[in-house]
Amino acid sequence: IRLFSGICKKGVQARHWSFSEPMGVVIHNDNPLVKLVKIRKRDLMDSSFINYVPYEDFVQYYCRREDFCPNNIISVDTKSVMIDLMKRNVGVVFLPQNSWQQYFGDELVFKTVADLPMQRELYLATRNTWCRNDEEFKCLEVLQDYFNEVLRI
């Protein structure tokens with residue numbers, strides 16, 4: 001079983017499940033952007049960004065496509081470090097909305113950027129020769145149920 005997050009990679013022969021999850025910026029409650037009803041790219045021009053390395057490729061893809069260059073001040077590859085930095089109001093970060101909501105707490109707010117449409121794709125895929133017996137089908141079913149619950153589909 002292969003799970004892809006972001007832009008689907010080449011070589012996926014059979015997709016058994018996919019889900020699109022909106023992305024936006026997560027900001028601290030003390031950030032003035034919290035008060036804006038609608039955030040636009042120009043509102044983020046002076047913001048310091050935390051670059052979360054696992055999402056770097058598809059964030060760059062969307063930013064280039066929409067001609068936006070985030071002011072990345074730090075790159076982190078550890079979820080706990082990134083969350084700690086956000087809760088200390090060090091910067092804002094692009095994150096998926098549904099699956100990360102549990103980590104936001106009271107200090108952090110998710111905001112969609114109106115003119116920077118961004119989403120991540122999750123693909124649960126297998127090779128064409130896979131899923132030949134009941135145990136394999138059950139495993140796939142358990143994984144689908146897990147992601148349906150976590151992502152609140």
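The first residue in the sequence is number 1, and the count goes up from there. Computed from a prediction, not measured in an experiment: that's the story for all the values here.
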Judged by atom type as modelled, is there a donor-acceptor pair below 3.5 Å linking the side chain of N29 to the main-chain atoms of D106?
yes

Verify, without hydrogens or angle tests, whether K111 (side chain) and L36 (backbone) share a donor-acceptor contact under 3.5 angstrom.
yes

State plainly whether one hydrophobic cluster holds both F58 and V53, where clusters connect Ile, Leu, Val, Met, Phe, Trp and Tyr through side-chain heavy atoms under 4.5 angstrom apart.
no

Side chains of F68 and M45, heavy atoms from C-beta outward: is any pair under 4.5 Å?
yes

Parallel, tilted or perpendicular: which fits the ring planes of Y52 and W100, with parallel below 30° and perpendicular above 60°?
perpendicular

Mind checking whether F104 and L95 have side chains closer than 4.5 Å, heavy atoms only?
yes

Please determine, by modelled atom types, if E21 and N98 share a side-chain donor-acceptor pair under 3.5 angstrom.
no

Can you check whether V34 reaches I27 side chain to side chain, under 4.5 Å on heavy atoms?
yes

Could you tell me if the side chain of H28 sits less than 4.5 Å from the side chain of L108, heavy atoms only?
yes

Output the distance between atom CG (L44) and atom CG (D115), rounded to the nearest 0.5 Å.
8.5 Å

Counting only N and O atoms by type, is there a donor-acceptor contact under 3.5 Å from the side chain of K41 to the main-chain atoms of E66?
yes

Ignoring hydrogens and geometry, is there a side-chain-to-backbone donor-acceptor pair from D145 to V142 under 3.5 Å?
no

Here the pair of heavy atoms bringing Y62 nearest to P117 is CD2-O, 3.5 Å

How far apart are the closest heavy atoms of A114 and K38, and which atoms are they?
CB-CG, 3.6 Å

Does atom CG of D67 have more than 12 heavy-atom neighbours from other groups under 6.0 Å away?
no

So do the side chains of L33 and S47 get within less than 4.5 Å of each other, counting heavy atoms only?
yes

If you look at every heavy atom in F94 and Y55, which pair is closest and at what distance?
O-CD1, 4.2 Å

Of V59, V25, T112, V113, which meets side-chain contact (heavy atoms from CB on, under 4.5 Å) against M118?
V59

Side-chain touch M86/Y103, heavy atoms, less than 4.5 angstrom:
no

